[in-house]
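Reviewing the structure listed below.
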Amino acid sequence: MKKLLANKNIFLITTLIIFFGWYLFHLTEIPIFADEAIYLNWAKRIAIGDENIFISMYDGKPPLFMWLSGLASYPIKNLLLAGRLVSVFSLFMASTYIFKKLKKTTFSWAFLSLVFILGNTFFFFHARLALLDTLFASLVILFIFTWSNASSIKQSLLSGLFISLAFLTKTPALFLLPLPFFVLTKKRDKATLVKVATTFSIFIATLLLLKTSPWFPSLFNRSTDFTFTITQVLTGQLNHVWPNIKIIFSWLSFYLTWPILLFSVLGSIKGFKNKNSLIINLSLASLLLFTPLAILGKMIASRYFLALGFTLPILAAYFLSSTPKKYIVVITAAFLSITIPNNYQFQDNYFYAILPKEDNQQYFRDWSSGIGLDSVSQFINQQAKDKKVLVLTEGTFGTLPDGLFVYQENKESFSNLEIVGVTSPYSEIYQQVLTSTNTKTIYYVGNHNRINDQFRQENKMILSYDKKDGGYALEVYEITQ
């Protein structure tokens, strides 16, 4: 062990390989989530040329994650795996960069940061899903690091590139735009002005690129579904603020642990006293990522704050970095002993994994959970091997039908299969599809609470998959005409 520690490069590579293997193990074990299904369906349609490359902007989502997932789907035929690997690789590339930069200061700071980031449940759960948030968080932390080290035009260009790529992933990157301007409160010399202007210019160029799409306005129009306007807040819409703050802190304390939150505050104080520019920028960025959504958020989720899974552990590690080496081992062991048991459950049996109530609901209990979809996909794939099969699903967008498209992608019987989202078995489109089809084998897939007793009496339920903690089951019916 001493020889391993003596060669810090070997130690870094060994640590990263262990964590990387841990993240990849059973990567597709967790069922597909509604947002994953949507993003990956877009990604595949873009990749095969069936859809405009900016299609996601129609729903208010910048396109970078979809582009990368689409590219990954060429060599990796399992679409869910391809999308989730984009998240995992982005996390590990950012973590490697962080370690290499921090070890120039102290190895203890770099090592603890690596452990706190890759070992926390915030990333271990979310970074193993094909969501925008891990890529966004990774680009945000790269922006903060490059800006904090922007001693040249090259670094300013890099910081501008990373904040632009972050915006190409999620629009809340806008919250971080004030960060480069904070430096002007202390320094206004020509060199500083050029660095700020360079960073900002790259971002403006990215906006102009996106404006070539007719869906550019939709990036911001959809925000009213999730946030209150500044005018609403200024005129008294404040009832949501304190509940938002409480629930955000409850999420952070669960995913990062209370000690990390406490040490991150102490690390921030220490950094301001020492006038450490990186710590100051990490602290300011944390506030910029937290405050707008806490004040304006109408509908918030823990993953919206995933970038804090980078900033807060690094601040905590900074505070603890002066700890004697023998205690660094104790701190590492204590932290991992808290997080590993629950993290492992996401790979072994997610029914026993613990999540905050809100996340448990959407990922494992509600209609948004894809529990059972993989098995349904295998069933209909078997049925479609030698005949035409029509599958009607609840919804038109989301877990159903998009989740089935993702699981069925590249299956040998896909050409014999037609999947149509019909909203519900009582909708006009449902009746239209049944009337117009010549296909004899027809199934309906939906959640138990969205199917009434009359439909159950008229059609035979052939499969049922229970959701976690008593959530309504996913059911498959054979349609009788």
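Each residue takes its place number in the sequence, starting with 1.
- Using a 4.0 Å cut-off between charged side-chain N and carboxylate O, Arg128 and Glu29 make no salt bridge.
- Looking at heavy atoms from C-beta onward, Tyr407 lies out of side-chain contact with Val376 at the 4.5 angstrom threshold.
- Within the structure, salt bridge (charged side-chain N to carboxylate O under 4.0 Å, His left out) pairs that include any residue of residues 345-357 do not occur (at least two apart or interchain).
- Rounding to the nearest 0.5 Å places CG of Leu157 at 7.5 Å from OG1 of Thr199.
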With a 3.5 Å cut-off and sequence neighbours excluded, list the donor-acceptor pairs that the side chains of residues 168-183 form with protein atoms.
{"residue": "Thr169", "atom": "OG1", "partner": "Leu165", "partner atom": "O", "Å": "2.9"}
{"residue": "Lys170", "atom": "NZ", "partner": "Asp133", "partner atom": "OD1", "Å": "2.7"}

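- At least one side-chain heavy atom of Trp67 sits under 4.5 Å from a side-chain heavy atom of Leu64.
- In this structure, the ring of Phe220 has its center less than 6.0 angstrom from the ring center of Phe216.
- Within the 4.5 Å cutoff, no side-chain heavy atoms of Ser250 are placed close to those of Glu358.
- Residue Leu266 places its CG atom among more than 12 non-hydrogen atoms of other residues, nucleotides or ligands, all under 6.0 Å distant.
- Note that OH of Tyr344 and OH of Tyr352 are 13.0 Å apart. Values are rounded to the nearest 0.5 Å.
- Taking the six-membered ring where tryptophan is involved, the planes of Phe305 and Trp251 are tilted, since the angle between them lies from 30° to 60°.
- We find the CG-CG distance between Leu404 and Asn41 to be 10.5 Å, quoted to the nearest 0.5 Å.
- Note that CG of Asp59 and CD1 of Ile38 are 6.5 Å apart. Values are rounded to the nearest 0.5 Å.
- A 6.0 Å sphere centred on OH of Tyr58 holds no more than 12 heavy atoms belonging to other residues, nucleotides or ligands.
- Aromatic ring centroids of Phe226 and Tyr304 lie 6.0 Å or more apart.
- The structure places CE of Met93 at 12.5 Å from CD1 of Ile98, a figure rounded to the nearest 0.5 Å.
- Rounding to the nearest 0.5 Å gives a distance of 10.0 Å between CD1 of Ile371 and CD1 of Ile30.
- Using a 30° and 60° split on the angle between ring planes, Phe92 and Tyr23 fall in the perpendicular class, above 60°.
- Side-chain atoms of Thr399 and Ser369, non-hydrogen and from C-beta on, never get closer than 4.5 Å to each other.
- The one candidate from Phe122, Phe249, Phe123, Phe124 that meets the ring pair (Phe, Tyr, Trp, His ring centres under 6.0 Å) condition with Tyr255 is Phe122.
- Put simply, the side chain of Phe136 does not reach to within 4.5 Å of the side chain of Ser90, judged on heavy atoms.
- The residue from Tyr363, Tyr350, Phe125, Phe364 that alone fulfils the ring pair (Phe, Tyr, Trp, His ring centres under 6.0 Å) condition with Phe33 is Tyr363.
- With a 6.0 Å cutoff to the six-membered ring centre and a 45° limit on the axis angle, Lys298 counts as a cation-pi contact of Phe228.
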Exercise for review: Take Ser283 and Ser268 through the test side-chain hydrogen bond (donor to acceptor under 3.5 Å, both in side chains) and record every step on the way to the result.
Suggested key: CA-CA 6 Å; Ser283 303; Ser268 181; 2.7 Å; yes

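- Looking only at side-chain heavy atoms (C-beta outward), Leu112 and Tyr318 stay at 4.5 Å or farther from each other.
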